Amino acid sequence: MLDRKYILANGDAVKQNCANRNVTVDVDRFIELESARKQKLQEVQELNTASNERSKLIGKAQDEAERESLKDEARALRDKKDAAQGEHDRMDDEARQIQLFIPNMAHPDCPVGVDDKSNLELARGKHEPRGFNFKPLDHLELGEKHDWIDFEGGARTTGNGFYFLKGDLVLLDLALQQFAVSELSKRGFLPTITPDLAQDSVLEGIGFNPRGPETQIYSVENMNLSLIGTAEITLGGLYSGKTMMDTDLPIKLCGISHCYRTEAGAAGRASRGLYRVHQFTKIEMFAFTLPEQSDEIHEELRQIECDLFDAIGVPFRVVDTATGDLGGPAYRKYDLEAWMPGRGDAGEWGEVTSTSNCTDYQSRRLNIRYKQKDKKGTNFVHTLNGTAFALSRALISILENHQNEDGSVTIPEVLRPIMGKDVMGK
RNA sequence: GGAAGAGUGGCUGAGUGGUCGAAAGCGCCUGAUUGCUAAUUAGGUGAACGGGUCAAACCGUUCCGCAGGUUCGAAUCCUGUCUCUUCCGCCA
């Protein structure tokens, strides 16, 4: 969330930002409430001071009569204070409800537009989409041919949208994980396996709503636990309420977890197969940084994503996400879209990674701060996240781009030593 | 899952319902001192929020795991809850 003082001081900019991001929220009402709340707080504190002063005198009172009259005074003051406090809390609650829906400010270079049509292509990967001198299959057809993917069994066992992976595709999945984790630890990211469940309060802190009609989250009945949609949730939770030293920043983590999403309301040809599923494994980059570092680290995350997809020989483009497509917490977001020959009639770009600089939007909610040596006070860190590999979609991109006419798939060179073979499905 | 015990500042650890934001020690910072990489000594040393200031200083409120309650007043009493330790049970 945004700083309340910032909203009060920059009302017009905040309103313009909401419009750019296609978010409807009553900023004026927030400003009205917050101004009134601050005045009320002043009143509460004054009453409390007066009440505290009386109470302290009671201990030193000489006789019973004096004591009783002081008690009456103190009690009356406390009642007035409680009443004022109640009013203050009501204003505070309502202001907070609005504040939670005010999105982060957007980077000045961020393309302005209300939806993904305004996204801007920034760059391409090393590999261009290849031509096929045969009719390429999509990953589902390849998966069925080799018995690598079993959606039918997944549906029977668990439900629609769940799947079993088998055989060489499992080896490929694990090889990708190992490759990503090893690359990331070379670059200073601490490999971290997180729980797949988190408390509802942690989900709310990151900005997810775990229960309710429109939730994307699976929750556990009779417990305040939910299955995580991304390791961002647990990694943020790990540091919530913490204060770090500036010299320890940036902290870079490589989270490994399963991700669970209900994907309510999503269906259709574009969602065929592994593209949109209820469970997948993800290797996630996460960073806590000083404010002045976050732009630079964001570029680093983007570069790592490009390097990883270049390394596995998959063509992609980098997209600068438009204001309306950013989501609440992001200040700026880059997506990598991989070429997927099996999508649409003759191939389409499909999102495979996403990296966001959330500045202090999440850390303010989660109360994650840093302290500078020899300086009073603390500040909020900046948080960033980025996908290394979302395994389900990375698998699609490899199967479809590296398929051969006989239905086999050439394994990317960097994965061959890990898998111990050059071709799968031969 | 059952039983018992414990949760206090960066750490260790004291704390009879009022003078406790909290003793003491360690650590850290600043100064003094001794010519020897350290000792001695004096002082200082938490955070959030609000006010104030160019910035400080400064003033106020809140915080002793968390949330409630009793009371004029709670680190201290009561209730709930979470976490940790030990013992038992179960188990990949």
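Side chains included, hydrogens not; waters and symmetry mates left out as well; all remaining heavy atoms used. Letters go in sequence order (proteins before strands), and every chain restarts at 1. As the structure is a prediction and not an experimental result, all values here were calculated from the model.
With both ends at atom P, the span from B/rA67 to B/rA4 equals 26 Å, rounded to whole Å. Nucleotides B/rA55 and B/rC63 place their P atoms 29 Å apart, quoted to the nearest Å. One P atom belongs to B/rA74, the other to B/rG21, and the distance between them is 11 Å to the nearest Å. Separating the C1' atom of B/rG68 from that of B/rG43 is a span of 42 Å, rounded to the nearest Å. Taking the P atom of each, B/rA75 and B/rC20 are spaced 12 Å apart, rounded to whole Å. Remark: the separation of the C1' atoms in B/rG25 and B/rU86 is 28 Å, to the nearest Å. Separation of the C1' atoms belonging to B/rC64 and B/rC11 is 16 Å when rounded to the nearest angstrom. Separation of the P atoms belonging to B/rU8 and B/rC66 is 10 Å when rounded to the nearest angstrom.
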- Message: Strictly under 4.0 angstrom, non-hydrogen atoms only: write out the protein contact profile of nucleotides 46-71 of chain B, one letter per nucleotide from the 5' end, B, S or -.
- Response: -SS-SS--------BSS---------
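Using a 4.0 Å cut-off between charged side-chain N and carboxylate O, A/D168 and A/K421 make a salt bridge. Contact check on A/R302 versus A/D307 returns no salt bridge, with no Lys/Arg side-chain nitrogen under 4.0 Å from an Asp/Glu carboxylate oxygen.
The separation between A/K56 atom NZ and B/rU19 atom C1' is 9 Å, rounded to whole Å. B/rG73 atom P lies 12 Å from atom CG of A/D72, rounded to whole Å.
Note that CG of A/L142 and CE of A/M424 are 9.0 Å apart. Values are rounded to the nearest 0.5 Å.
In this pair, A/H298 and A/Y334 present their aromatic rings parallel. The plane angle is below 30°, not in the 30 to 60° band.
The environment of A/Y218 atom OH is dense: over 12 non-hydrogen atoms of other residues, nucleotides or ligands sit within 6.0 angstrom. By the 6.0 Å contact criterion, CG on A/N160 is open, its count of non-hydrogen atoms from other residues, nucleotides or ligands being 12 or less. Within 6.0 Å of the NZ atom in A/K80, the count of heavy atoms belonging to other residues, nucleotides or ligands does not exceed 12.
Under the side-chain contact (heavy atoms from CB on, under 4.5 Å) criterion, A/D422 pairs with A/R416, not counting sequence neighbours.
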- How is the base pairing of RNA chain B summarised as a dot-bracket string, given the Watson-Crick and G-U wobble criteria with both distances under 3.5 Å, [ ] for crossing and | for another strand? ((((((((.[[[..)..(.....]]]((((((.......))))))((((((......)))))).[[[[[..)....]]]]])))))))....
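No donor-acceptor pair under 3.5 Å is formed between the side chain of A/H258 and the backbone N or O of A/D196.
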